[in-house]
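Here the structure is laid out as C-alpha cells; the discussion comes afterwards.
Computed from heavy atoms alone, side chains included, the values below leave out hydrogens, waters and symmetry copies. Throughout, numbering of the chain's residues begins at 1 and tracks the sequence. Just so you know, ligand 1 is whichever comes first in the structure, and atom 1 is the first atom listed for that ligand.
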Amino acid sequence: MTQEPAELILKGINASPGICIGKAYLVDKEGVDIVARYYIDKSKLQDEIKRFKAAVKKAGDEIRTIIDESPEELKRAHILETHVALLKDKMLYGKAIEIIESKGINAEWALKQVVSNLRSVFLGMADSYLKERVSDITHVSDSIMRNLVGVRAEKIADIDKRVILVARDLSPADTSQINLHKIMGFITDRGGKASHTGIVAQALEIPAVVGLNVATTRIKVDSLIIVDGITGKVIVNPSEKTLVEYEERKIEYEDYRAVITRESHLSARTTDGIQIEVMANIELPEEVVSVKNYGGDGIGLYRTEFQYMNRAVFPNEEELFEKYQDVVQVMAPKPVTIRTLDINGDKAMTSQNGQDEANPALGLRSIRYCLRKPDVFVTQLRAILRAAAFGTVRILFPMISAYFEICETEKLLDQAAESLEKDGLPYNRDIEIGIMIEVPSAVVLADLLADKADFFSIGTNDLIQFALAIDRLNPQVAHLYQPLDPAVIRLVKQVTDVAKDKGIEVFMCGEMAAAAHHIPLLLGLGLDELSMNPQSIPEIKRVIRTLNIRDAQEFVQQALKKKTARGVFGLVKEAFGDILDNRY
Ligand code: PEP
Ligand code: MG
C-alpha cells in the first residue's frame, strides 16, 4: 500500500490576494549559473564585443516579442519596456564592453562581474522598491547570458494545462506570458512585497505567494498545492479535511470580493453620516484603471520616483507633464495628490553620480535631495503645475523634517510658476499644498508646519521606522514594527489634534490605513481621508460603513490607556471583533 505524502505548510509573503488549488508546475530555470572565464587575444577583442552586442540585441528582440504578445493588463505595467531600456544602460551594457576591452576577458565573465557589482550597489539601498530592482538587473542579464551561452529559455506561454507555477523566481518576461486560462496562480522562492512578481500578480488578479525560500526544493512536479495569497501560506499535499476547508474558503472569499467590489462605488459614510474619502496610492500612471474599478475617491498618493528609475538620464519636463496630465485627466474631477520626488542618495548615484552613504535612509534623500538639486526639482514642479491646469491636483512634499525646508520648497514652487508664466504655458498655481508627516521632528513641529500647508498626510511607513528606530526592511526586527504601538498612536493623535486646531485637513497614506482593524482607531483620531493600495479600497470602505464616529472616538480614549501594541490589539478585538471576523 502506498502512503499518501504528508501535508506540508510553507510560509511566505502574501504578494497578491486570493486562493487557488491545483497541480504544481515547476519552472525550470537552470542553465546560466556557471560561467567560464577565459582571456581573449587582443586581435579578437572586437569580435568578442560584437558577440556581446549580438546577444544583447537578441535578448532585446525576445523581450519585444513578449511585449507584443502580452495581455493588455500587463502591457500597462511597463516593466518589460524598462528591461529593454536596461539592456542598453550605460551601467550594464557600457560597463560590460569596457571590461571586455580593458581586461581582455570573455563577454560572459565581464557580464557576470558587472552584474555582481550592480547587485551589491542596489542591495545596499535603503528604499525597498529600489532594492528589489536587483531582480530586474538579474532578469535582464540572464537573458543576455542565455543568448551568449546558447541556452533556450522555457516558454511559460507553451504550458497547456491548468497549473500553479512554482519557481525560484519569475522574471517579468516570464509572468508576461501567463495565460489566465492556464495559470491559476504562482509561488516563488525569491521576491518581497514590492517585487515585480507581486505587482504583476496583482495586475492579473491571481493569487501569489513569494519569498518562500524552499518551494522549489520541497514541492514535487504535479503535487497538489493550495496557494493562500491572503495569508501568504502554501499547503502542499493537503489532507482531505484541509482541501474541503480551503475549497469553502475560496468560494467565500470570491463571493466576498464580488460583493465588496460591487459596493465600492458607494461612498464610505459612517452610520452617523460622516463621509471619509478613501483614496488610492499609485506608483504607475497605468494603475488609475484599478483605482476606478475599485471605487477610489481619488488618488491620495502618487509616488513619482518610479519614472526616474532604471535610466541614464532623468525624465524631462515634457515627459513628466504628459504622465501627470494623463492621470489627472482620467481622474478629474476627483483629486490627484502628486508627491514630489522621494528619491534617496543611493538612487541619485545610479543616475546622477552621487556619493556613497552609510545610512541612506537618513541621508541626502527626498526633499533634501530636491533642495540640493533645484534644477531637477523645478523641472518636476513645472510639470506638476502644468498638469494642474487639467483637473484637481494637490502637491505633496515628502520627508519634511524642518521648517526651513517647506519655506525653501515654497520659494521654488513660486519660481516654477513664475517661469511658466514667462513661458506663456498654461498652468495652475492655485493648488492645495500638503506636507507628509513621516519624521518625528515634523510631528513636533506640526503647529508651525500647519501654517504652511493646506493638509497633512501621515506617512506611517516611515514615521513608525523613525519613531521606533526600526528599519522597515530588516526582518530581524519586523516583529517590533507595530502600527498599534502606543507611541505611534500618540504621534498620530498629536498630528490630528494640531490639524484640527489649525483648521487644516489630515490624511493618512501609509500602509497603516490599509488594514481593516486599524480603521476604528483612525476614524476616532479624526483622519479625514485614508489612502491605500487600490485593491484594499473596497474592504476599507465596507468597514467604514459599519462604524460610527462617536464609538470610534470613545474607543480611542480606551486605546490611549493601553501600554502595549498587544494591549491595543486586544481592545480592537474586544470592541470590533466582527470587523476582524469578516476580514480576508
Ligand atoms: C510612508 O512613508 O508612509 C509613505 C507613504 O511613503 P513611502 O512608503 O513611499 O516611503
Ligand atoms: Mg515615506
Query - Short N or O distance, Asn461 and ligand 1, threshold 3.5 Å exclusive - result: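 N/O-N/O distance under 3.5 Å: yes.
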Query raised in the report: In the protein, which heavy atom is nearest to atom 7 (P) of ligand 1, and how far is it?
Result: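 Going by distance alone, atom 7 (P) of ligand 1 is nearest to Arg303 NH2, 3.5 Å.
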Report task. Among the N/O/S atoms of Asp462, select the one at the shortest distance from the Mg ion (ligand 2) and name it. Result -> OD2
Report task. Specify which N/O/S atom of Glu438 comes nearest to the Mg ion (ligand 2), by atom name. Result -> OE1
Query raised in the report: Are the side chain of Lys500 and the backbone N or O of Val506 linked by a donor-acceptor pair below 3.5 Å?
Result: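 The answer is no, because no donor-acceptor pair under 3.5 Å joins these two groups.
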Query raised in the report: Do the side chain of Arg542 and the main chain of Ser264 share a donor and acceptor less than 3.5 angstrom apart?
Result: no
Query raised in the report: Would you call the rings of Phe555 and Phe576 parallel, tilted or perpendicular if under 30° counts as parallel and over 60° as perpendicular?
Result: perpendicular
Report task. Kindly assign one of parallel, tilted or perpendicular to the pair Phe321 and Phe390, based on the angle between their ring planes and the thresholds 30° and 60°. Result ->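 If you compare the ring of Phe321 with that of Phe390, the planes turn out tilted.
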Report task. Report the residue from Gln325, Glu318, Glu322 that forms a side-chain hydrogen bond (donor to acceptor under 3.5 Å, both in side chains) with Arg386. Result -> Glu318
**Report entry** Test item, Gln465 contacting ligand 1 (heavy atom, 4.0 angstrom)
**Finding:**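 It does not; every heavy atom stays at 4.0 Å or beyond.
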**Report entry** Min heavy-atom dist Glu511 to ligand 1 below 4.0 Å
**Finding:**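 In this structure, Glu511 fails to qualify as a contact of ligand 1 - no heavy atom is under 4.0 Å.
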Identify, by atom number and element, the atoms of ligand 1 in contact range of [X], meaning under 4.0 Å from any of its heavy atoms.
X      : answer
Cys509 : 5 (C)
Leu301 : 5 (C)
Arg339 : 4 (C), 6 (O), 7 (P), 9 (O)

Requested in this report: Indicate yes or no: does Asp447 engage Lys502 in a salt bridge with an N to O separation below 4.0 Å.
Outcome: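 No, this pair does not count.
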Requested in this report: Grab the two heavy atoms, one from Leu527 and one from Phe507, that are nearest each other, plus how far apart they are.
Outcome: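 Closest approach of Leu527 to Phe507: CD1-C, 3.4 Å.
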